[in-house]
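Ligands are counted one by one from 1 in listed order, and the atoms in each one are counted from 1 as well.
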Amino acid sequence: MKKTVLTGIRPTGNLHIGHYFGASQRWVKLQDEYNCYFEIADVQALTDNFDNPEKVRHNVYELAIDLLSIGINPSKATIFLQSTIPEIAELTVYYSNLVTMSRLYRNPTVKTEIAQKKALFGNEGESVTYGFVGYPVSQAADITAFMGEAIPVGEDQLPLIEQCREIVRKFNNIYGNVLIEPEAVLGETPRIKGLDGNDKMGKSLGNAIYLCDSKEVITEKVMNAITDPAKIRKDDPANPNICMVYYYHKLFSGDEVDTVCSECKAGTRGCVACKRQLIENICKVLQPIQEKRKYYEEHIDEVTKILEEGSKKAREKASATLKEVKKAMQLDYFD
Ligand code: TRP
């Protein structure tokens, strides 16, 4: 039996190359070896965007297209929409008794997010909803509904997986051994830095290159990337290790990297030419992804169909799990 891999992504924006190298490239490989579920977590996205349903709906399609374009294959893996699986919501209700409020507030990821909300809105009372504080419970339902065993996530998600494990142990202790304790699987690729040298790449930081960016947009972004400030003239020698252009060459330029490095140190390569070379290489890597994107943008009905079929398949599994859960909880009245 193949192990079950499950991961979720909030539909709040397009995938950028930080996502791609940090996580999604790995998902493409996993689908060959494991029974994979990829959840578009629209219900979770609403915990932060409940007043902006258009944004979530738009990004469900954008994310689905991104996933298909990078090579997630619906005949190998199940791509599904969280909101179409009511069993997840029902499991969330049952699990909510197994988690205390203080434990939720102590979750480091939730804690950080509450601090960010406070900084943004000033008033915790107005911005921290019941749905938001409880999203780790709903995420435990996402995972257990499909008996997810291996959960490929970034480091920031470890507290959520740990909280899920606690819920599973508590459930199994009280009601009997039904649920599987999932394990987080961290990637080997460290977080990709932004073009501005920031440790994190993100939409809000304005330092990301998106998989769907056009050559013009990529050119503008790379031309503004941070280089060695000591290099003033084209033939000044420079230190590639403090240059973001070199950092990106290491991701995109294959065999050319050694020459980039030595010429930069020797002062035989100007920054503009170096950036142009990087732009070409980024576009080369993104080209096949963007060709697929174009296809799916022109065949949006096909995307809807893939989501519908994936969700149907996912629902069968979630429904079987819920049945077992309710039986264990003595809620199987009419079976
Ligand atoms: N919380 C995750 C994030 O923000 C998304 C997510 C939702 C998820 N459900 C999940 C991740 C289940 C792993 C497993 O990135």
Test item: side-chain donor near acceptor, Asn172 and Asn177, under 3.5 Å: yes
Mark up the atoms of ligand 1 that fall under 4.0 Å of a heavy atom belonging to Leu6, in ascending order. 12 (C), 14 (C)
Which bit of Glu39 gets closer than 4.0 Å to ligand 1, counting heavy atoms only: side chain, backbone, both or neither? side chain
Pick from Ala141, Gly8, Ala45, Pro136: the one approaching atom 13 (C) of ligand 1 most closely through a non-hydrogen atom: Gly8
Determine, using heavy atoms of Leu160 and all atoms of ligand 1, whether some pair is separated by less than 4.0 Å. no
Can the positive tip of Arg10 be found less than 6.0 Å from the middle of the six-membered ring of Tyr135, inside 45° of the ring normal? yes
Does the N or O separation between Gln139 and ligand 1 drop below 3.5 Å for any pair? yes
For the residue pair Gln157 / Gln139, report whether a side-chain donor-acceptor contact shorter than 3.5 Å exists. yes
Distance (rounded to the nearest 0.5 Å) between Thr109 OG1 and Asp156 CG: 6.0 Å
Which bit of Ile151 is near ligand 1, meaning a heavy atom under 4.0 Å away: side chain, backbone, both or neither? side chain
Can you tell me which residue and heavy atom of the protein come closest to atom 3 (C) of ligand 1, and the distance to 0.1 Å? Gln157 NE2, 3.4 Å
State, without any angle test, whether Tyr246 and Thr227 hold a side-chain donor-acceptor pair at a distance under 3.5 Å. no
Please tell me whether Asn281 and Ser253 have a donor and an acceptor in their side chains that are separated by less than 3.5 angstrom. yes
Side chain or backbone, does Tyr135 bring an N or O within less than 3.5 Å of an N or O on ligand 1? no
Ranked by distance from atom 7 (C) of ligand 1, the top protein heavy atom is Gln44 NE2, 3.3 Å
Pair Gln44, Gln82: side-chain N/O donor-acceptor within cut-off below 3.5 Å: no
Quick note on ligand 1: atoms under 4.0 Å from a heavy atom of Ile143 include exactly 12 (C), 14 (C)
Distance filter under 4.0 Å to Arg10 heavy atoms, resulting ligand 1 atoms: 4 (O)
Regarding Asp228 and Asn239, is there a side-chain donor-to-acceptor distance under 3.5 Å anywhere? no
If you look only at distance, which donor and acceptor atoms sit under 3.5 Å apart when one is on a side chain in residues 323-335 and the other is two or more places apart or in another chain?
from   : atom 1 : to    : atom 2 : distance (Å)
Lys326 : NZ     : Glu90 : OE2    : 3.2

Location of contacts on Ile161 toward ligand 1, heavy atoms closer than 4.0 Å: neither
Asp142 heavy atoms within 4.0 Å reach ligand 1 at atoms 7 (C), 9 (N), 10 (C)
Please identify which atoms of ligand 1 are closer than 4.0 Å to at least one heavy atom of Val153. 13 (C)
Of Asp48, Thr112, Thr129, which meets side chain to side chain donor-acceptor pair (under 3.5 Å) against Lys117? Asp48
Taking only non-hydrogen atoms of Ala41 and a 4.0 Å limit, the atoms of ligand 1 in range are 7 (C)
